[in-house]
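Worksheet for the structure shown next.
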2 protein chains.
Amino acid sequence: MTAKTVLIVDDEASIREMIAVALEMADYRVLEADNAQTAHAMVVDDQPDLLLLDWMMPGTSGIELARRLKRDTATAELPIILLTAKSEEDNKIQGLEAGADDYITKPFSPRELVARLKAVLRRATPTGVEETVEIDGLRLDPVSHRVSANGEALDVGPTEYRLLQFFMTHQERAYTRSQLLDQVWGGNVYVEERTVDVHIRRLRKVLGDDHQHLIQTVRGTGYRFSTKE
Amino acid sequence: MTAKTVLIVDDEASIREMIAVALEMADYRVLEADNAQTAHAMVVDDQPDLLLLDWMMPGTSGIELARRLKRDTATAELPIILLTAKSEEDNKIQGLEAGADDYITKPFSPRELVARLKAVLRRATPTGVEETVEIDGLRLDPVSHRVSANGEALDVGPTEYRLLQFFMTHQERAYTRSQLLDQVWGGNVYVEERTVDVHIRRLRKVLGDDHQHLIQTVRGTGYRFSTKE
DNA sequence: CGCTAATGTGACAACTTCGTGACAATAACG
DNA sequence: CGTTATTGTCACGAAGTTGTCACATTAGCG
């Protein structure tokens, strides 16, 4: 699973720092901005997965930024959590009306922050359309998360599963090891290219004699999933 | 169409009276209770179609009753309208979070009351007839709120019950811990993902050797309820 | 045929994920 | 108001998974 990016917007550096530490411990990527202007630009450029926004800031207030982002279709989907001081609590409603997905009252524990952040991200993540693919008696069902060959269940590990799913939905095309790492492992991982070979082998082993011919080696390039030849 | 039954819960008899008159003129059946205790019992016994609940009451507050009702699967579907005094308006959010479907601020006109009541009833899902599910001798009956295995009653805790009900009505599908938290615990709860594991374990324990194979671990993903394999 | 680069393969240590029992906090109940 | 359930979290060990390496095997080429 790729790490989610969170943009923290607060004019107080100490608070940003505190939050950043908590989030990094929980394996989130962290971006920071200290005013609404910069924040807006970063939202557009860096496309964070979530916005942690302080309510009160000099100049354009957090609430104003939230409202603006929600109004723009390009950024309307971005989940926003508002940070409010206790005395401002009455404004909760206004905040939620402006489009915030949650609000947290200062002071808060890092635990609470991370928990609510998870919950918001969870709700925001769309579930892609997942259809069963079947090729030559080899069947992969994303819904039940199962793989079977001629009706018999196969025990496929997580990485092999993703690899197979990618192949089955991208047949008849050769991919380099590098491309496979990007697509199956996810962009920002450093893994040796030869590791792909090992997983290909593991996958072939699981598929057994009946189906391993579907995964073909393209010498000097990489691999291909194909029913032909 | 049969008349809908509305349960009014308020400690002030005059207010109940006023509401009762308005509702009866609009052809509703009316029940009354002056405290949360009685109200809870009446909800269970008389199964009203809607609950009109005063926020502030001596003893268990309305909000507390609402929360309790929403937490229990047997009564979770009951639409609730909260009555709040103007000065308590800040608590709106709290009320909605507790599961209320609407709130009305005192003083209100009988007209308004009936209008919103209609609206809520309209929205309220006909609670798709709750049917007993039986799989492999494992039976869950939503009406009596009971679980049995091969005829023998099982002692299932509230959370385990909801989890099992969800699984039995959503077989053959792998769910992540996140999705289970959303579906079984409800969206706005901040709970660690691993907590799901613990409840899965508790559920498996209750199901015993005969049926625990129905709950399968999908490594790297989550869990699945299935009769196969 | 012999050489070389590319790929296949088995082993393995580091790392994740999962199952499990215990525990404290909270809620339900009489 | 004390007693009993229920719940969420944690810590630990077991089980499964991953990336890497060393070495074996193969394909391509002159």
Side-chain angles (χ1 to χ4, degrees), chain A residues 1 3 26-27 109-112 114-116 118-119 145 155-164 174-178 180-181 184-186 189-207 209 212-213 215-224, chain B residues 36-37 40-41 44 59-61 63-75 98 155-164 174-178 180-181 184-186 189-207 209 212-213 215-224:
Chain A
M1 201 181 290
D27 272 334
S109 71
R111 254 182 85 104
E112 185 191 359
V114 173
R116 303 180 67 162
K118 268 189 196 164
H145 209 272
D155 186 24
V156 189
T159 304
E160 278 71 65
Y161 178 88
R162 272 180 287 130
L163 187 56
L164 181 60
Y175 291 94
T176 64
R177 292 169 175 72
S178 177
L180 289 171
L181 283 177
V184 178
W185 274 253
V189 243
Y190 176 66
V191 174
E192 291 291 324
E193 295 210 334
R194 287 302 310 279
T195 298
V196 174
D197 297 32
V198 178
H199 282 277
I200 289 281
R201 174 181 150 274
R202 287 172 180 160
L203 183 50
R204 280 173 170 157
K205 200 172 192 172
V206 169
L207 294 188
D209 293 337
Q212 57 175 288
H213 66 276
I215 297 180
Q216 302 164 358
T217 305
V218 183
R219 211 150 226 274
T221 303
Y223 299 92
R224 172 182 55 208
Chain B
Q37 213 74 13
H40 194 291
V44 174
T60 311
S61 73
I63 186 87
E64 191 43 42
L65 175 60
R67 197 169 287 140
R68 208 185 305 156
L69 289 173
K70 284 296 176 182
R71 210 181 301 132
D72 186 344
T73 19
T75 55
D155 186 24
V156 191
T159 304
E160 278 70 65
Y161 178 86
R162 272 180 288 131
L163 186 56
L164 181 60
Y175 290 94
T176 64
R177 292 169 176 72
S178 271
L180 289 172
L181 284 177
V184 178
W185 274 253
V189 187
Y190 313 110
V191 173
E192 291 291 322
E193 297 208 335
R194 286 302 306 279
T195 298
V196 174
D197 297 34
V198 178
H199 283 277
I200 289 280
R201 173 179 150 275
R202 289 171 181 160
L203 184 50
R204 278 174 171 159
K205 202 171 192 173
V206 169
L207 294 187
D209 293 338
Q212 57 174 296
H213 65 276
I215 298 179
Q216 302 164 359
T217 305
V218 183
R219 240 184 193 254
T221 302
Y223 298 93
R224 172 181 54 207

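Below, each value reflects all heavy atoms present in this structure, side chains not excepted, and no hydrogens, waters or symmetry copies. Quick caveat, the model's predicted, so the values are computed rather than measured.
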Between [atom1] of [X] and [atom2] of [Y], what distance do you get to the nearest 0.5 Å?
X         : Y         : atom1 : atom2 : result
Asp197(B) : Thr217(B) : CG    : OG1   : 8.0 Å
Leu164(A) : Ile215(A) : CG    : CD1   : 6.5 Å
Leu163(B) : Tyr223(B) : CG    : OH    : 10.0 Å
Ser178(A) : Glu193(A) : OG    : CD    : 5.5 Å
Gln216(A) : Arg204(A) : CD    : CZ    : 9.0 Å

Mind calculating the distance between [atom1] ([X]) and [atom2] ([N]) to the nearest angstrom?
X         : N       : atom1 : atom2 : result
Gln216(A) : dT7(C)  : CD    : P     : 14 Å
Glu192(A) : dT7(C)  : CD    : C1'   : 15 Å
Asp155(B) : dT4(D)  : CG    : P     : 16 Å
Arg177(A) : dG8(C)  : CZ    : C1'   : 11 Å
Tyr190(A) : dT18(D) : OH    : P     : 19 Å
Ile215(B) : dG19(C) : CD1   : P     : 11 Å
Leu203(B) : dT7(D)  : CG    : C1'   : 15 Å
Glu160(A) : dT17(D) : CD    : C1'   : 8 Å

Counting only side-chain heavy atoms from C-beta out, which of [options] sits nearest to [X]?
X         : options                   : answer
Arg162(B) : dG19(C), dG8(D), dT7(D)   : dT7(D)
Arg201(A) : dG10(C), dG21(C), dT17(D) : dG10(C)
Asp197(A) : dT7(C), dG8(D), dG19(D)   : dT7(C)

Is [X] touching bases, backbone alone, or none of the nucleic acid, heavy atoms closer than 4.0 Å?
X         : answer
Tyr223(B) : sugar-phosphate
Val156(B) : nothing
Gln212(B) : nothing
Glu193(A) : nothing
Thr217(A) : sugar-phosphate
Thr159(B) : sugar-phosphate

Donor-acceptor pair under 3.5 Å: do we get one between Arg202(B)'s side chain and the base of dG21(C)? no
Would you please say whether a donor-acceptor pair under 3.5 Å links the side chains of His145(A) and Thr221(B)? yes
Ignoring hydrogens and angles, state whether a donor on the side chain of Tyr190(B) or Glu192(B) is under 3.5 Å from an acceptor on the partner side chain. no
Which residue lies toward the 5' end of DNA chain C, Gly222(A) or Lys205(B), if each is placed at its nearest nucleotide? Gly222(A)
Can you name the side chain to side chain donor-acceptor pair (under 3.5 Å) partners of Arg202(B), sequence neighbours left out? none
Nucleotide by nucleotide, 5' to 3', does protein get under 4.0 Å of the base (B), only the sugar-phosphate (S), or neither (-) in nucleotides 22-30 of chain D, counting heavy atoms? ----BS---
Residue whose closest nucleotide on DNA chain D lies nearer the 5' end, His199(A) versus His199(B): His199(B)
Would you indicate, yes or no, if dG19(D) has its OP1 or OP2 atom less than 4.0 angstrom from a side-chain nitrogen or oxygen of Trp185(A)? yes
